[in-house]
There are 4 protein chains.
Amino acid sequence: MDDDVLTIGGHGFTSRLFTGTGKFADDARIPRMLASSGSQMITVALRRIDAEAGPGNVLDHIPPGVTLLPNTSGARTAEEAVRIARIARAAGCGDFIKIEVITDTKYLMPDNWETLKATGILAEEGFVVLPYVLPDLTLAKRLEDAGAAAVMPLGAPIGSNRGLETASLIALLIENCRVPVVVDAGIGRPSHAAAAMEMGADAVLVNTAIATAEDPVAMGRAFALAVTAGRMAFLARMAEESREARASSPLTGFLGAED
Amino acid sequence: MDDDVLTIGGHGFTSRLFTGTGKFADDARIPRMLASSGSQMITVALRRIDAEAGPGNVLDHIPPGVTLLPNTSGARTAEEAVRIARIARAAGCGDFIKIEVITDTKYLMPDNWETLKATGILAEEGFVVLPYVLPDLTLAKRLEDAGAAAVMPLGAPIGSNRGLETASLIALLIENCRVPVVVDAGIGRPSHAAAAMEMGADAVLVNTAIATAEDPVAMGRAFALAVTAGRMAFLARMAEESREARASSPLTGFLGAED
Amino acid sequence: MDDDVLTIGGHGFTSRLFTGTGKFADDARIPRMLASSGSQMITVALRRIDAEAGPGNVLDHIPPGVTLLPNTSGARTAEEAVRIARIARAAGCGDFIKIEVITDTKYLMPDNWETLKATGILAEEGFVVLPYVLPDLTLAKRLEDAGAAAVMPLGAPIGSNRGLETASLIALLIENCRVPVVVDAGIGRPSHAAAAMEMGADAVLVNTAIATAEDPVAMGRAFALAVTAGRMAFLARMAEESREARASSPLTGFLGAED
Amino acid sequence: MDDDVLTIGGHGFTSRLFTGTGKFADDARIPRMLASSGSQMITVALRRIDAEAGPGNVLDHIPPGVTLLPNTSGARTAEEAVRIARIARAAGCGDFIKIEVITDTKYLMPDNWETLKATGILAEEGFVVLPYVLPDLTLAKRLEDAGAAAVMPLGAPIGSNRGLETASLIALLIENCRVPVVVDAGIGRPSHAAAAMEMGADAVLVNTAIATAEDPVAMGRAFALAVTAGRMAFLARMAEESREARASSPLTGFLGAED
């Protein structure tokens, strides 16, 4: 597994669990969560980054070596997303950017079209762009053409913990995309994360389910193990499902000889 | 997690992944699978144990320290199961016994009633009895009363790899049984194993999905990680599912101040 | 469809929707529900039948031509079920009897073994016995041998409206039983009833979902249509599922000729 | 139910089952399918319509009183869809048009963005536009703004018969759209159609599952009943699901008095 490296934007990641900084009761838990989970990429809303910030700055809790993935949370248009991305880079957050453009305030569903526009603009400017989208195969191919470094389809609404409700649509992306597919949003349990990896996803991003657990450090570890489990199973080729039973042990005539 | 010990029949297990010896293309892989998975309990059909056996004896591949769980595969009645159990003990296989009584040769569904009868008899004789059953709450309570050391409800037909088709019935056992609940049969993917543990199962038994994988050693490891992940998530209290979305990051008015 | 008759205990039924008398806010709605649904068999708990009863007697609301299916609700043992059945017959309720033996007061799961015992006794006495059970293939074959006129596996706990949680187990009964399989308990929506019939069930029994609807008369009609729909689809051989898409309309080159 | 009319483009429909002309082994069966199902709207690919046609013209099989819904099958861009729509209207097919723009030839997933463009253009020209789309809430709101008369989200890939794989996304459209939501593609069984209507869909379009059944006339009737069943259940307010069981019949102490 050590040489099973996921490359995005020229960076290699040996952990396929991406995490987030939102919703922690106490940001001081973030470093321990990162340590327990081994996560090497973490997303943060730009609003939470304050260049002049004192102890409240969430960036203080992210150790070196972990790639920062600023997101454009709060953007309602491509233009706003582009502006946020530029601010993030100017603030020293690096070249990675997760594009979130959301107009629906109840279900927080992404605006695929504005996201595509922002992706094209930012990729041109040299950003490593990871767009958060509804899993739409036709759009995903356009995101690739526009220079996306990965696509991040949602499994279920943000924060819902409902798992892979869109599994059949995500499967089309996995089968057809050249860039990595990172399942984002909705993953509420380690089994959901494992299932995404078994399907062939390249990584998952888990925020709410870890940050709001009673013990985020333990939960981060649990998700990390599940992601590795799912990845290993994918690489080791799982056996197929079968309509009928197949005996594990010899079934008939055990006692026949002596009867 | 190190002090999270599962006790069955007076033995403590730190691994909650039970494995099996059936269906390996090459039994010589069993020790490496046991090492990679950390499994501390493995089931074996008595027919495969031959006291006078030479190199073909499957027991030669099971290292000391791993608890042997002989099973009564091939038994069609309680009486046959009892007889097989006694033979296993006489052959030095120890006190543990997994009762399988199966009359249906197509779907290999267990005969709950004959299994209950055998459980009572063998528990009286001092066996540590783990009955393999269809998840029936009323029966499970009777198994407890009859002295079962654990109950092993099936998730789906043996060897089908279809996962937790009986999840809603297994949940009743988990909620109501005093003895450990070990989900057996049907678990085909690490995500299935994780899901069983997240529900609160005490352990899972996985045979076909590991033994018939292209790489059983890697798959054993994958299942072990998934079981630990699910167990950790159960202990760390997962967050609840939600009908609506809940923002991970601040959503509104990001650029409001400067507009 | 008119000659698609279900025969149980020598009676022919052209409706495959069985209903119940429990939980109606007003029993006076029962006749209208029976008329709207066309149901020809209705279950009633013996306790609700009072030979000396005045206007409160639920039987007064069941028109002639509808077969009465007294049930042994309240029985905790085979013996109690047998006693209730005999009382029902003595009270003029006819030969049909639905056996319910339940000891679990929270989930109301049936006691399969006591139910089997009562089935044998009552079938011997000439009753038309419909046992309510957890769908256990081995048990179902024994119920047939004991003289059951049909088997009534549960889809989900009584009154839960959760649908066919045990579908994979019910499928085994449908495939293997000689007597009719009537899915009982848990059916909460017309789509659940249709799905049961599409699987090949011979009938369904729906009580809670009709009786507790805002408009039980309309809901009775809705379930009746769904049952017929599912049955027709089963008889007309549904098309298979497909992993890939298959065009309904010609797809390529529409405008090719003029381009 | 008779006054439960669905209005699209100023036309009232009492049947909420839309059908299609594709894939019939023999087009002569279409009129009988329409009669048995009561369907009042049927889709047809323009390519199959030939003004000069003789007996092979599919339109000859569509009786008066059934609204024709020409579709733009074969279009790969908004421009092509627009051109096909205009040809259809010029050929006397009326104002209704179902927009299909598909570039993915394997899974036949719609191109949401090109579909939106075509919708705007055709709505301006006075067409009654029904766009076939991936269920994307943000897009659906834009389709409304662009003048769509309804939205037609897919349940699963065309012709797959896999049902409501996108149910959680369709639910958002049903909850938030002002225009009717017609579930199209993937509906393979009457139970799927009933489930869509129970969710609150305004109608469903079923083609493959009817046309390729052994008996399309019977299957058309089965789907019609299922659609009505689901609609009635939706209007009659179904009871909620429950985690626990709820007794239908009095459970305790039946025999207490005489014990």
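Chain A is the first sequence line, chain B the second, and so forth, proteins listed ahead of strands; every chain is numbered from 1.
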(request) Starting at CG of B:Asp136, measure out to CG of C:Asp111 and round the result to the nearest 0.5 Å. (result) 7.5 Å
(request) Supply the atom-to-atom distance B:Leu169 CG to C:Leu154 CG, rounded to the nearest 0.5 angstrom. (result) 7.0 Å
(request) Drop me the distance from B:Leu134's CG to C:Leu134's CG, to the nearest 0.5 angstrom. (result) 6.0 Å
(request) Kindly give the heavy-atom pair with the smallest separation between C:Thr138 and B:Met109, and that separation in Å. (result) OG1-O, 3.9 Å
(request) Among the options B:Leu137, B:Thr166, B:Thr103, B:Leu172, pick out the one with the most heavy-atom pairs lying under 4.5 Å from chain C. (result) B:Leu172
(request) First locate atom NZ of C:Lys106, then atom CG of B:Asn176, and finally report the distance between them rounded to the nearest 0.5 Å. (result) 6.5 Å
(message) If I take atom CD from residue B:Glu175 and atom OH from residue C:Tyr107, how far apart are they, to the nearest 0.5 angstrom?
(response) 3.0 Å
